[in-house]
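Note sheet for the following structure.
Numbering of ligands and ligand atoms starts at 1, following listing order.
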Amino acid sequence: MERLRQLNTGVIEVICGPMFSGKTEELIRRLRRAKIAKQRIVVFKPQIDTRFDEVQIVSHSAQKIASIPVEDTPAMKHCLDQLDAPADLVGIDEAQFFDHSLVEFVEGLANSGIRVIMSGLDQDSKGQPFGPMPHLLAIADIVTKQYAVCVLCGAAATKTYRLPEQTDAQVFVGASESYEARCRYCHQQDTSCL
Ligand code: ADP
Ligand code: MG
Ligand code: ZN
């Protein structure tokens with residue numbers, strides 16, 4: 001990663017994995033380091049995700065960083081166009097909730113020299129690729145796939161299990177009251193650990 005930075009080009013970094021795998025923590029860690037390096041950073045999150053806070057990104061371990069809630073990619077572009085000086089780094093949490101236009105948008109940012117770091121769910125609770133994530137993973141320069149701890153057996157969890165009483169829609173924003181991290185085996189079992 002540092003080597004790519006030294007080439008002075010933009011870069012697309014994607015942090016993916018199931019819920020509770022530390023995607024937001026890792027995004028916040030990279031953003032904090034960039035702040036120490038005096039980079040100008042702008043952080044977006046989808047307006048739909050107000051689970052913990054309206055304007056901050058908050059991890060399940062209560063780490064936080066200021067962010068701008070936006071509805072879509074034109075809203076991100078609008079924010080970036082308003083800046084006095086261009087951003088060095090654009091962070092985007094919960095990238096799976098944006099539509100496919102995010103792909104072209106972040107490619108444009110990276111091609112113009114901006115470091116883009118996105119975190120998002122690679123799979124929905126049915127194990128299917130989520131929103132623009134497959135395409136983002138394909139075009140990314142750096143991909144980090146993280147694992148949580150399976151709440152049933154303690155193995156590495158690559159999947160997000162939606163507790164049975166929840167809706168069937170792909171987008172349903174919730175946290176530990178609605179979802180569990182599970183390994184591939186336990187994700188196929190219809191039992192709750194509660
Ligand atoms: P993500 O953004 O991937 O949903 P967060 O960065 O918000 O994850 O939170 C990660 C934190 O969640 C962990 O550091 C840990 O404190 C907590 N956590 C709660 N349940 C689990 C679990 N089953 N596996 C791993 N971490 C968990
Ligand atoms: Mg998160
Ligand atoms: Zn398991």
Side-chain angles (χ1 to χ4, degrees), residues 12-35 41-71 76 89-98 102 106 116-134 136-137 140 142-164 166 169-194:
I12 297 175
E13 301 172 28
V14 178
I15 305 160
C16 70
M19 277 181 75
F20 309 102
S21 64
K23 300 181 302 296
T24 299
E25 280 176 353
E26 177 60 17
L27 174 64
I28 291 173
R29 189 185 75 84
R30 294 185 196 180
L31 294 170
R32 286 194 176 139
R33 287 173 61 93
K35 268 191 179 170
I41 74 169
V42 179
V43 188
F44 295 113
K45 72 171 189 177
Q47 218 152 38
I48 185 178
D49 182 16
T50 52
R51 279 173 301 175
F52 301 113
D53 196 284
E54 291 289 335
V55 292
Q56 296 189 101
I57 287 175
V58 184
S59 75
H60 292 106
S61 51
Q63 295 188 44
K64 320 175 165 183
I65 200 160
S67 70
I68 305 168
V70 286
E71 196 165 341
M76 289 189 219
L89 193 166
V90 172
I92 305 171
D93 199 17
E94 304 286 0
Q96 79 279 353
F97 287 147
F98 291 101
L102 183 62
V106 296
V116 182
I117 314 177
M118 287 170 284
S119 77
L121 292 163
D122 46 4
Q123 302 162 50
D124 64 17
S125 59
K126 292 180 176 151
Q128 295 302 308
F130 208 148
M133 290 299 287
L136 293 172
L137 287 162
I142 302 166
V143 171
T144 309
K145 183 147 175 161
Q146 310 212 134
Y147 310 101
V149 178
C150 176
V151 296
L152 293 194
C153 77
T158 53
K159 311 248 174 215
T160 307
Y161 181 84
R162 185 185 285 167
L163 290 165
Q166 307 299 336
Q170 188 186 42
V171 175
F172 174 71
V173 179
S176 55
E177 76 287 354
S178 323
Y179 294 101
E180 293 174 347
R182 293 199 182 190
C183 71
R184 178 178 289 277
Y185 174 79
C186 294
H187 188 258
Q188 297 172 74
Q189 315 304 312
D190 264 337
T191 47
S192 165
C193 72
L194 298 174

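- Side-chain atoms of H187 come within 3.5 Å of backbone atoms of S125 as a donor-acceptor pair (strictly under, hydrogens ignored).
- In this comparison of A181, G22, G154, the heavy atom closest to atom 8 (O) of ligand 1 sits on G22.
- Residue F20 has at least one nitrogen or oxygen atom sitting less than 3.5 Å from a nitrogen or oxygen atom of ligand 1, judged on distance alone.
- Heavy-atom distances between S119 and ligand 1 stay at or above 4.0 Å for every pair.
- Around atom 17 (C) of ligand 1, the closest heavy atom drawn from E180, M19, H60, R29 belongs to H60.
- Below 4.0 Å from some heavy atom of S61 lie the following atoms of ligand 1, by number and element: 16 (O).
- Each of the atoms 3 (O) of ligand 1 lies under 4.0 Å from some heavy atom of P18.
- Here the angle centred on the Zn ion (ligand 3), running from SG of C183 over to SG of C153, is 110°, rounded to 10°.
- Look at C150 and the Zn ion (ligand 3): an N/O/S atom of the residue is under 2.8 Å from the metal.
- Remark: the backbone N or O of V55 is paired with a side-chain donor or acceptor of S67 at under 3.5 angstrom.
- With 3.5 Å as the limit, one finds no donor-acceptor pair spanning the side chains of S119 and R30.
- An N or O contact shorter than 3.5 Å links V149 to ligand 1 by distance.
- The line from CD1 of I92 to CG of L102 is 5.0 Å long, rounded to the nearest 0.5 Å.
- A salt bridge links E26 to R29: at least one charged side-chain nitrogen sits closer than 4.0 Å to a carboxylate oxygen.
- Taking distance alone, with nitrogen or oxygen atoms compared against 3.5 Å, S59 stays at or beyond that limit from ligand 1.
- The Mg ion (ligand 2) has an N, O or S atom of T24 inside 2.8 Å of it.
- With hydrogens and angles disregarded, a donor-acceptor distance shorter than 3.5 Å links the side chain of K23 to the backbone of P18.
- Per-residue contacts place V151 under 4.0 angstrom from the following atoms of ligand 1 (heavy atoms of the residue considered): 23 (N).
- In this structure, CD on Q96 lies 4.0 Å from CG on L121, to the nearest 0.5 angstrom.
- Using modelled atom types, one side-chain atom of R182 and one backbone atom of Q189 make a donor-acceptor pair closer than 3.5 Å.
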